[in-house]
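Throughout, a chain's letter reflects where its sequence line sits, starting with A, and its residues are numbered from 1.
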Amino acid sequence: MTDNFDIIDTPIDTQSLIDKVTKREAGAITIFIGTVREWTEGKKTLTLEYQAYKPMAIQKLKEIGEEIQSKWPKTEVAITHRIGHLGITDIAVVIAVSSPHRKAAYEANEYAIKRIKQIVPIWKKEHWEDGETWIGDQLETTPYPSGKPNVKDESND
Amino acid sequence: MTDNFDIIDTPIDTQSLIDKVTKREAGAITIFIGTVREWTEGKKTLTLEYQAYKPMAIQKLKEIGEEIQSKWPKTEVAITHRIGHLGITDIAVVIAVSSPHRKAAYEANEYAIKRIKQIVPIWKKEHWEDGETWIGDQLETTPYPSGKPNVKDESND
Amino acid sequence: MIKVLFFAHLQEEIGRGEMELDNADIPVRNLKSYLQEKYNLSRMDQVMVAINEEYAVDDDEIKDGDVVAFIPPVSGG
Amino acid sequence: MIKVLFFAHLQEEIGRGEMELDNADIPVRNLKSYLQEKYNLSRMDQVMVAINEEYAVDDDEIKDGDVVAFIPPVSGG
C-alpha cells in the first residue's frame with residue numbers, strides 16, 4: 001500500500017483517496033482535509049508555500065499508516081500532502097481512513113494528522129501582507145531534547 | 001443553509017458536500033462516510049434498504065446542524081443521507097464539517113453521526129442470505145422512557 | 001380527521017404507510033393502544049410518536065388536522 | 001564524501017539546498033556545530049538531523065556515502 005502515501009505538487013483529488021480506502025469490510029470512512037485558512041491570530045495569509053524532503057516524507061507517511069494499522073486493526077489508510085504554492089481554501093493535506101467501525105476511523109484519522117505534524121519533514125512558509133516566514137522557524141517552541149519532534153501549534157489546530 | 005441537509009434516493013456525491021462547507025475561514029474539514037459493510041457479527045449482508053420520514057428527517061438533520069454551530073462556533077455543516085436500496089460499499093450517509101481548527105471539526109463530525117442515530121427518522125432493513133429484518137426492530141434495546149430515543153448499536157459503530 | 005403515518009416494521013405489519021382516522025382530541029397514549037390492539041402491532045413500547053414532525057410524549061393531545069407518525073427505533077447512519 | 005541537505009529557513013540562510021562535504025566519520029553533533037559556525041545558522045538547537053532518511057541523534061556517526069538532512073521543526077498538515 002505504498003502508493004497510498006504521496007507528496008504531490010498539484011491539486012489533491014479527495015475522491016481518489018476515498019477510493020483507495022473503500023472496501024467491503026469497511027462501514028466507516030473518515031476524511032480529514034487541511035485547507036489554507038485566511039486568518040490566523042489576526043494575521044492575514046495571502047498564500048502558503050510547502051516544501052518537503054520528499055522521499056523521507058513519503059516514508060514517514062507510510063510509517064504513520066503502519067502505526068495506525070497496528071493500533072486499529074482492519075483499517076486502511078491513505079494520505080496525500082501537497083507541496084508548492086497554495087492559495088486560500090486550497091487543500092494542503094488529505095487523510096482518508098476506513099474501518100469496519102466508526103470509532104476507530106475517527107481516532108485513527110486524528111492520530112494521523114497529529115503524527116504528520118510531529119514526524120513528517122514538510123515545512124510551511126506563510127506569505128503575509130507584511131512579509132513571509134517559515135513556520136516552525138517562527139514558533140520559538142522548545143527544542144527537541146529527546147531527538148524526536150513534539151506536537152506543535154499549526155494551521156488547523 | 002437548509003439545503004446543506006438532504007435526504008436523496010440517488011448516489012451521494014461527496015465532493016458536493018465538501019464544496020458546501022469549504023470557506024476562507026476554515027483550516028480543517030472532516031468528512032464522515034458511512035458505507036454498507038458486508039459482514040456484521042458473522043452475518044453477511046447482501047443489500048440494505050433505507051426508508052425515511054423525509055420532511056421530519058431533513059428537519060432533524062437541520063437541527064443537528066444548529067446544535068453543532070451552537071456548540072462549536074464558526075463551523076459549517078452539511079449532511080446528506082441516502083434512502084432506497086444500497087449495495088455493499090455504497091454510501092449511506094456523508095457528514096461534512098468545516099472549522100477554523102481541526103479539533104472542533106473532528107468532535108462536531110462525530111457528534112453529528114451520534115445524533116443521526118438518535119433522532120433522525122431513518123430506518124435500515126438488512127437483506128441477508130437467509131432473510132431480511134428492519135434494524136431497530138431487531139435490536140431489542142430498551143424502550144425510550146424519556147420520550148427521546150437512545151444511542152443504539154448500528155452499522156458503523 | 002388526523003393523518004397517521006407508519007414506517008419500517010410497522011408499515012409492513014399494517015400493510016400500508018398511512019391512513020386517515022377521526023380519532024382527534026385524544027392523547028397519544030390512546031391512539032397508540034387503539035392501533036396496537038387493532039393491528040396486533042409488535043414492540044410498540046419502543047415506538048416513538050411525532051406530531052407534525054416533532055417528537056411527542058404519551059400525554060400530548062392529538063388535534064384535528066394533525067399528522068401523527070409512528071416512529072420505530074431509528075437506524076440511519 | 002557525504003551529501004548534506006537543507007530545508008526551510010536553513011536552505012535560505014545557506015543559499016542552497018544541498019552540498020557535498022568530506023566530513024565523514026564524525027558524529028552528527030560535530031557536523032552540526034561546523035555548519036552552524038560556518039554559515040552563522042540560527043535556531044540550530046531546534047533542528048533535527050536525518051541520516052539516510054531516518055531521524056538520528058547527536059551521537060550517531062556519519063559514514064562515507066551518507067545523506068545527511070538538516071530538518072527544522074516540521075510544519076506540514
Side-chain angles (χ1 to χ4, degrees), chain A residues 12-19 21-41 44-45 48 74 76 87-114 116-117 124 153-157, chain B residues 12-19 21-41 44-45 48 74 76 87-114 116-117 124 153-157:
Chain A
I12 302 174
D13 174 25
T14 305
Q15 186 60 50
S16 76
L17 278 95
I18 296 173
D19 295 343
V21 301
T22 299
K23 53 182 192 176
R24 300 175 73 83
E25 297 79 8
I29 299 171
T30 51
I31 313 290
F32 176 81
I33 301 173
T35 56
V36 178
R37 189 179 54 208
E38 184 162 32
W39 293 93
T40 298
E41 291 167 19
K44 184 177 181 177
T45 298
L48 284 187
K74 297 184 185 173
E76 197 74 44
I88 306 302
T89 77
D90 279 352
I91 296 174
V93 63
V94 175
I95 302 164
V97 177
S98 72
S99 165
H101 303 277
R102 73 171 193 273
K103 190 173 166 53
Y106 280 111
E107 287 179 357
N109 198 301
E110 196 164 6
Y111 177 85
I113 183 68
K114 282 181 187 164
I116 288 172
K117 290 168 181 291
K124 177 173 66 175
D153 200 57
E154 286 312 327
S155 67
N156 45 43
D157 268 4
Chain B
I12 302 175
D13 173 26
T14 305
Q15 186 60 49
S16 76
L17 278 94
I18 297 172
D19 295 342
V21 302
T22 298
K23 54 181 191 176
R24 300 176 73 83
E25 296 80 7
I29 299 171
T30 52
I31 312 290
F32 176 81
I33 301 174
T35 56
V36 178
R37 188 179 53 209
E38 184 162 32
W39 292 93
T40 298
E41 291 167 19
K44 184 178 181 178
T45 298
L48 284 188
K74 298 183 184 174
E76 197 74 44
I88 306 302
T89 78
D90 279 353
I91 296 174
V93 63
V94 175
I95 302 164
V97 177
S98 72
S99 164
H101 303 277
R102 73 171 193 273
K103 190 171 167 55
Y106 280 111
E107 288 179 356
N109 197 302
E110 196 164 6
Y111 177 85
I113 183 69
K114 282 182 187 162
I116 287 171
K117 291 169 180 293
K124 178 173 65 176
D153 200 58
E154 286 309 330
S155 67
N156 45 43
D157 270 5

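Here salt bridge (charged side-chain N to carboxylate O under 4.0 Å, His left out) pairs that include residues 104-113 of chain A, with residues two or more places apart or in two chains, are A:Lys103-A:Glu107.
Atoms CZ and CZ, from A:Arg37 and B:Arg24 in turn, are 13.5 Å apart once rounded to the nearest 0.5 Å. Interatomic distance, NZ of A:Lys23 versus CD1 of B:Ile88, reported as 14.5 Å (0.5 Å rounding). The CD1 atom of A:Ile31 lies 7.0 Å from the CD1 atom of B:Ile31; values are rounded to the nearest 0.5 Å.
Interface summary for chain A: among B:Ile18, B:Val93, B:Asn109, the most heavy-atom pairs under 4.5 angstrom belong to B:Asn109. Highest contact tally toward chain B, considering only A:Gly34, A:Ser99, A:Ala26, A:Ala92, is held by A:Ala26 [criterion: heavy-atom pairs under 4.5 Å]. Across B:Thr89, B:Ile95, B:Thr45, B:Val94, the residue that shares the most heavy-atom pairs under 4.5 angstrom with chain A is B:Thr89. When each of A:Ala28, A:Ala104, A:Ala105, A:Ala96 is scored by its heavy-atom pairs under 4.5 Å with chain B, the top score falls to A:Ala28.
Neither the backbone nor the side chain of A:Ile91 comes within contact range of chain B; no heavy atom of the residue lies under 4.5 Å from a heavy atom of that chain. With a threshold of 4.5 angstrom between heavy atoms, A:Thr22 approaches chain B through side-chain atoms but not through N, CA, C or O.
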